[in-house]
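Beneath this line is the structure, given in structure tokens, with notes to follow.
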Amino acid sequence: MELKLIRPELLTMTAQELRALYPILILVIGSLLAIVLSVIKLLSPKFSVFFTTVLVSVAAGLVALDFFGAPPVPLFNHMMVVDPFSTFFTVLFVGALLVSCLVSFRYLDREKIQHPEYYILMLFSVIGMILMASSLDLIVLFIALELMSLSVYVLVGFRRADRRSNEAAIKYFILGSVASAILLYGAAILYGCTGTMNLAEILPILSRSPEVQGPLFVVGMWLVVVGFLFKVASVPFHMWMPDIYEGAPTPVTGFMTSGIKAAAFATFLRVLFSLGYGKAMTEAIQVNVHDLLWVIAVATMVVGNLIALTQTNLKRMLAYSSIAHTGYLMIGLLSGHKSEFGYAPIAMYLVGYSIMNLGAFALLSMVGGREDHGLNLQDFSGLGKREPWLAFAMSVFLFSMAGVPPTAGFVSKYFLLYGAVQAGEVPLVVIAVLCSAVSVYYYLRVLVYMYMKDPVGAPSGSRHSLWAGAALTAMVVLTLQVGIMPARLFEMARVALASF
Amino acid sequence: MNSLNLSTLIVEPWIVLSFGAIIFTIGLFGVIIRKNILIIMMCVELMLNAVNLTFVVFSNQLTDMAGQMSVFFIMTVAAAEGAIGLALVIAMFRTLRGVETDQIQLLRE
């Protein structure tokens, strides 16, 4: 009997397609290898899995960087695409994975939760992020989102003996699943309106027949947008974030601020543009979306910064500052289609923001005591005398978050606001600058505690991990390097977002 | 006496779609109102199944198999989600001795 294939070309793969898939393939093979290594007791799973993860992330990052700039390669019957956009974010996700792993090694020993599953779950969630950024199909997007989220739910609750960690995991799980369900319901409605789940096909349909954009389409689009607003934690869907950031193990929090936020924003961008934002949307819907997102952006900036003022726990303070940064990022979203930079400032901001946050949380996990106690402001008193190098690194990150030159935070905020002024969003820029001015207070308060107060307690005397120190140094160097020489990164961001 | 002929019974798509929307809303409100985490998880499942129903109706309307295929994927993901959720609930029960949302208020200042 002869088997007849309807579309045989779907079963083969060209060399270029395979090359485009290399980063994902390396990560998948690496995670499977890590699972096998984790049960071979002869090799000490602790080291073998850790080194596998580090090597795999370095390899995947280099391969992705090598592929950057190549023309888009559609894969699997246009279910996903590997274009400069997804490659750019692949490098970012893999970088976040590498830094988080290096920081986690000693941290897990200290917390007595050194299980190989930790690294394997991180690998899986990064695979989910990469698939998310490269998905072109709403169902692939949903599955990738769940792959990322389900791994991170477990990572958040990884300190199983700690009540706060459990509580954070449960809260994240419930709110995350509700957000995914809302997003999925929106996807179902969009499918009903447009007749396709492929993001690349939706845009032509919308511009060919604007009558598709009826009330049902608007409902579906808003459900999807709300799902993403949940994931990026913008006001009014931000309540979960501080609790979860506080309860999660510190390296995982760093991983979440950089990886998950970037993945959610990247996918949000792709979906929003596929729904015709700034292009094929009818005038009425476009104005509606713009105005509502405008209000949300302002509320996110104001609420995030104002509540951060009153926080005494540094992890919680950084969580609120993360909400505020979501607000700044939304400015880029609102102004991109009218400025000459396009949406490049968003990609740039995500990179800069990831670098400084990864660094700050790396530092918190080195400074913090057991069970993540000792992360209150008082515990940082006199850090400048006790640990001058750590205090210097923290100052660099805090200056960067506040947007003081010459740091990554300043440059990315500059491009973002410059683009917004060009697009005529002057009120938004004024509000953003005022909010940044407010944020200087709570960032610099940490510096006051570090340098102008007397040290409390005896110096810990414990030596810091070499791995975490290396990661921290790299983040300081990158923060300053991007701040002083932003041209190369900005050019990459432009290439990445050229298609939008 | 004529019996009900099932072959001529037509269910209008909008009825099923509204049914899906109602179930989805019930699930959403359940998540917001209920206190027991197990019941909250059931409500999330309810939401996902409402989505499934919507996909099937649209798939039938559009005579396109993609919608019905996605139902399988969503069911699989929902099962994985349930497994992880229950594992988290067990971990939580071990340390907190309860599964009510009232008890989880440590992280609030």
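Side-chain atoms of Thr267(A) come within 3.5 Å of backbone N or O of Ala263(A) as a donor-acceptor pair. The backbone N or O of His78(A) lies less than 3.5 Å from a partner atom in the side chain of Asn198(A), making a donor-acceptor pair. A donor-acceptor contact shorter than 3.5 Å links the side chain of Trp240(A) to the backbone of Phe230(A).
Across all non-hydrogen atoms, the minimal contact from Leu145(A) to Ser180(A) is CD2-OG, 4.0 Å.
Of the charged side-chain nitrogens involved, none lies within less than 4.0 Å of a carboxylate oxygen, so that Glu246(A) and Lys315(A) do not count as a salt-bridged pair.
Proximity to chain A is absent for every atom of Met69(B), based on heavy atoms less than 4.5 angstrom apart. Heavy-atom distances place no part of Leu138(A) under 4.5 Å from chain B, backbone and side chain included. Heavy atoms of Ser59(B) lying under 4.5 Å from chain A belong to its backbone as well as its side chain. Both the backbone and the side chain of Ala21(B) come within less than 4.5 Å of a heavy atom of chain A. Phe142(A) touches chain B through its side chain: at least one heavy atom from C-beta onward sits under 4.5 Å away, while N, CA, C and O do not. Only the side chain of Phe24(B) comes within contact range of chain A, with at least one heavy atom under 4.5 Å from a heavy atom of that chain. Residue Gln61(B) does not touch chain A at all, counting heavy-atom pairs closer than 4.5 Å. Contacts of Val57(B) with chain A are absent, with no heavy-atom separation under 4.5 Å from either backbone or side chain. Of the two parts of Ile139(A), only the side chain, counted from C-beta on, holds a non-hydrogen atom closer than 4.5 Å to a non-hydrogen atom of chain B. Heavy atoms of Leu62(B) lying under 4.5 Å from chain A belong exclusively to its side chain.
Top candidate by heavy-atom pairs under 4.5 Å with chain B, chosen from Ile189(A), Val178(A), Leu184(A), is Leu184(A). The residue among Thr310(A), Ile174(A), Val154(A) with the most heavy atom pairs within less than 4.5 Å of chain B is Ile174(A). Put simply, of Gly195(A), Ala181(A), Ala188(A), Cys193(A), the one with the most heavy-atom pairs under 4.5 Å next to chain B is Ala188(A).
Judged by distance alone, the side chains of Asn166(A) and Thr95(B) do bring a donor and an acceptor atom under 3.5 Å apart. For Asp243(A) and Tyr172(A), the side-chain atoms include no donor-acceptor pair closer than 3.5 Å. With hydrogens and angles left out, the side-chain atoms of Tyr320(A) and Asn305(A) include no donor and acceptor closer than 3.5 Å.
Open room surrounds CZ on Arg34(B); 12 or fewer heavy atoms of other groups in view lie less than 6.0 Å from it.
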